[in-house]
Amino acid sequence: MFYSYTPERTCSRNIEFEIDNGILKNVSFTGGCNGNLKALSALVEGMPVEEVLEKLSGIQCGFRGTSCADQLTVAIRNNMEK
């Protein structure tokens, strides 16, 4: 299923991704640090959602209290609860 999420307190303005049978696919960020977010998207492609949550939850960017990676986990959790 395809999801779209508006992150909070990050430079990125939108996160889009798919979850297919517990596997994360087609992750893309709009805005933010282009190269880093392309790399993040490539690294999590095909990973089990639970592994992504374990590895990326709580990562912070500066004094924001979150990061684009952490906001991806928030988006995944929000959509898993629906």
Task: Counterpart residues, side chain to side chain contact (heavy atoms under 4.5 Å, CB included), relative to Thr6 (two or more places apart) - done: Asn14

Open item on the list: Please tell me whether Met1 and Ile23 are part of a single hydrophobic cluster in this structure, the criterion being side-chain heavy atoms less than 4.5 Å apart.
Closed with: no

Open item on the list: How close do Ser57 and Arg77 get, counting heavy atoms only, and between which atoms?
Closed with: OG-NH1, 2.9 Å

TODO: Could you verify whether a donor N or O on one side chain and an acceptor N or O on the other, from Arg9 and Ser67, lie under 3.5 Å apart?
DONE: no

Hey, can you pull the donor-acceptor pairs under 3.5 Å for the side chains in residues 39-53, sequence neighbours left out?
from, atom 1, to, atom 2, distance (Å)
Ser41, OG, Val27, O, 3.2
Ser41, OG, Leu37, O, 2.9
Glu45, OE1, Asn26, N, 2.8

TODO: Mind listing the closest non-hydrogen atom pair of Asp70 and Thr73 along with its distance?
DONE: O-OG1, 2.5 Å

TODO: List in chain and number order the residues that pass salt bridge (Lys or Arg N to Asp or Glu O under 4.0 Å) with Glu16, two or more places apart in sequence or in another chain; answer none if no residue qualifies.
DONE: none

Task: Pairwise distance CG(Asn36) to OG(Ser12) - rounded to 0.5 angstrom - done: 11.5 Å

Task: All ring pair (Phe, Tyr, Trp, His ring centres under 6.0 Å) counterparts of Phe29, not counting sequence neighbours - done: none

Open item on the list: Let me check something: do Ile15 and Ile59 share a hydrophobic cluster, defined by ILVMFWY side-chain heavy atoms less than 4.5 Å apart, either directly or through other members?
Closed with: yes

Open item on the list: Any donor-acceptor pair under 3.5 Å linking the side-chain atoms of Thr10 with those of Gln71?
Closed with: no

- [ ] Any ring pair (Phe, Tyr, Trp, His ring centres under 6.0 Å) involving residues 4-24? Give me the pairs, sequence neighbours left out, ordered by first then second residue.
- [x] Tyr3-Phe17

Task: Pairs touching residues 23-40 that satisfy salt bridge (charged side-chain N to carboxylate O under 4.0 Å, His left out), sequence neighbours left out - done: Asp20-Lys25

